[in-house]
Amino acid sequence: MKKGLSEIIVRAVTRGQERGEVPGSDLPPLIMEYPREEKYGDYATNIAMTLASHAERSPRDIAETIVRYIEDDEGIIERVEVAGPGFINFFLKADYWHHFLREAARQGNRYGEGDIGGGKRVLIEFLSANPTGPLHIGHGRIAAFGDVLANLLEKVGYRVEREYYVNDIGTQMQLLGRSVYLRYLQEWDKELEFPSDGYQGDYISEIARTIKNGEGDTYLGSPEEDAINFMGEKASQIILGWIKDDLERFQVRFDKWYHEADLYTSGLVPRLLEELRNKEYLYENEGALWFKSTLFGDEKDRVVIRGNKATTYFASDIAYHKDKYNRGYDHIIDIWGADHHGYIPRMEAAIQALGCDQAIFKVILVQLVNLLRGGKQVSMSTRTGEFTSLKEVMDEVGVDACRYFFMLRRADSPLDFDVELAKREGAENPVYYVQYVHARISSIFKKAAEDGVEVPTFKDVDISQLRLPEERLLAKRVAIYPEFLEGMALALEPHRLTAYVQDLAGIFHSYYNKHRVISDDKALTNARFLLVKAVQGAVHSALGILGIVAPTEM
RNA sequence: GCGCCUGUAGCUCAGAUGGAUAGAGCAACGGACUUCUAAUCCGUAGGUCGCAGGUUCGAAUCCUGCCAGGCGUGCCA
């Protein structure tokens with residue numbers, strides 16, 4: 001519809017130019033926007049101001065001229081105004097927006113489904129926290145962001161796969177195994193000093209006890225290396241189990257858990273190194289094998305095999321991303337914690353070196369969560385065992401509130417998360433404000449059923465009954481929803497959804513407080529049934545994307 | 001030092017493609033339940049958009065410099 005209006009304007013401008021009454025011979029890009037305030041109409045364009053920039057006429061004068069050339073064959077425009085410095089504001093016919101209500105009411109939580117994705121395949125890899133400790137609150141933010149982005153892209157027609165990359169080998173695993181082993185020894189009253197670089201958290205001792213209960217003293221006598229390997233593997237399995245439990249409760253689901261170890265059993269890493277070697281992007285220096293990432297814009301070359309013959313995580317990561325490309329996605333999105341941003345140039349360098357299309361690869365950085373407790377900063381480190389776990393926050397704040405809270409923020413905005421404050425805000429969290437809309441509307445239909453008020457087939461409803469400005473406003477917000485989703489998806493900014501749904505909720509609550517849906521006026525009641533059903537559909541759809549429950553009662 | 005991100009109301013943060021009088025929630029204050037749920041509504045108050053220049057009809061938004069905070073800058077991940 002926005003398109004139809006655009007065409008009307010383009011025709012008006014072009015005709016004006018042909019007659020020499022509108023300056024310029026070509027057409028600047030047409031910008032149609034939703035004005036901030038209702039008094040500026042339903043749509044506005046600044047085309048006159050753009051045209052005026054190269055002419056010696058006032059924008060308002062040009063705007064007036066363009067308006068004279070506007071022809072509205074379909075009869076959708078109520079009136080047109082020139083306002084401010086030269087905006088052309090369009091006011092559409094009173095019931096224009098109401099036509100969208102049937103679609104929203106009919107589709108319910110499927111409302112907003114679109115096809116700008118065109119069935120293109122997108123891989124979103126996110127979270128990928130090392131299985132060396134439980135998920136903490138910072139992980140929660142990334143999990144929520146990745147999941148909601150995936151939901152959003154699915155909604156607008158992409159085929160999305162969610163993937164979690166598990167670093168289950170390497171130095172961190174060694175360290176984990178060693179930490180558990182030492183705690184295991186302590187369980188048998190061995191005297192020893194726990195190293196400061198080991199994992200200090202209580203959960204390490206917990207795992208050690210589990211192993212003691214399961215395996216007894218088997219590993220007291222076995223060679224240290226065997227014991228450490230066993231315990232590292234065992235511990236990472238246990239911890240990965242915790243992570244999966246937490247994520248399930250957090251309503252985050254993955255299609256695939258990609259294990260780093262598989263890159264080696266499948267031979268992908270050696271094959272990758274062979275390929276890079278053949279392309280002469282590798283060289284040896286001081287006993288290590290280096291990748292010439294500086295050829296592709298990185299600030300220094302990077303090691304892929306260390307002096308001790310161990311491959312680096314970077315080598316695995318290159319092989320992993322090559323595999324992603326081989327799987328034939330149209331878009332590859334990585335979501336990383338912002339502390340990894342220095343990693344981007346080398347990853348992009350590797351992708352170029354492999355001859356892959358860099359344009360389809362995108363890293364989204366999510367800023368870290370700065371954890372506070374009662375206004376005081378809490379340092380957070382998996383290694384020292386000082387952190388607030390996601391589980392704890394889910395217990396205290398609730399899953400819905402927690403997810404919603406994270407989605408209020410832009411990904412690249414650092415976030416202060418005060419646990420005490422979040423707990424207090426639990427009851428007053430805006431998420432309930434939005435959920436309440438859904439519950440209230442459910443309750444209206446429940447009431448109707450109780451009182452034997454029949455809910456009509458919506459295609460028969462007379463929408464011209466909706467005459468109030470609030471009703472028009474509600475219908476408009478519902479109507480714009482699919483377009484909103486598209487904008488968010490193209491910008492990869494799912495956080496905008498909370499702003500939208502809060503705005504809609506505000507308008508609804510105000511309306512609900514002032515007017516009753518069920519009344520003696522049968523035709524009006526029916527029209528309002530349609531209206532609130534449509535609002536409920538949009539809210540249900542939005543909450544679905546946010547991964548939050550849409551309750552029928554609260 | 002260099003690189004990336006951030007700086008908007010007392011607090012936490014929104015401000016799509018540069019537009020009209022910069023918004024919301026919380027906190028504060030005053031009102032509204034005989035009604036389809038008061039987890040709601042109505043009203044009041046709150047600002048040097050970090051600072052200084054520049055680009056143009058127009059800048060919170062783009063450019064440059066500076067200030068402040070965070071992160072990164074390993075043969076760690």
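Throughout, a chain's letter reflects where its sequence line sits, starting with A, and its residues are numbered from 1.
Using modelled atom types, one finds a donor on one side chain and an acceptor on the other under 3.5 Å when comparing A/Y283 with A/D301. Using a 3.5 Å distance cut-off with no hydrogens or angles, the side chains of A/E125 and A/S128 do pair a donor with an acceptor.
Look at the P atom in both B/rA77 and B/rG72: the space between them is 15 Å, to the nearest Å. For B/rC62 and B/rU8, the P atoms lie 16 Å apart once the distance is rounded to whole Å. For the C1' atoms, the distance linking B/rG46 with B/rG25 amounts to 14 Å, nearest Å.
Of the candidates A/Y320, A/Y164, A/F126, A/Y320 is the only one forming a ring-ring contact (aromatic ring centres under 6.0 Å, His included) with A/Y258.
Contact annotation for A/A310: no contact, since no heavy-atom pair falls under 4.0 Å across all strands. Counting non-hydrogen atoms under 4.0 angstrom, A/Y40 reaches a base of the nucleic acid.
Between the side-chain ring of A/F87 and the base of B/rA20, a stacking contact exists by the 5.5 Å and 30° definition.
Nucleotide B/rA16 is matched to nothing when pairs are restricted to Watson-Crick or G-U wobble geometry with both distances under 3.5 angstrom. Base pairing of B/rU44 is made with B/rA28, judged by Watson-Crick or G-U wobble geometry with both donor-acceptor distances under 3.5 Å.
Cation-pi check for A/K533 over A/F458 is not met; the charged atom does not lie both under 6.0 angstrom from the ring centroid and within 45 degrees of its normal.
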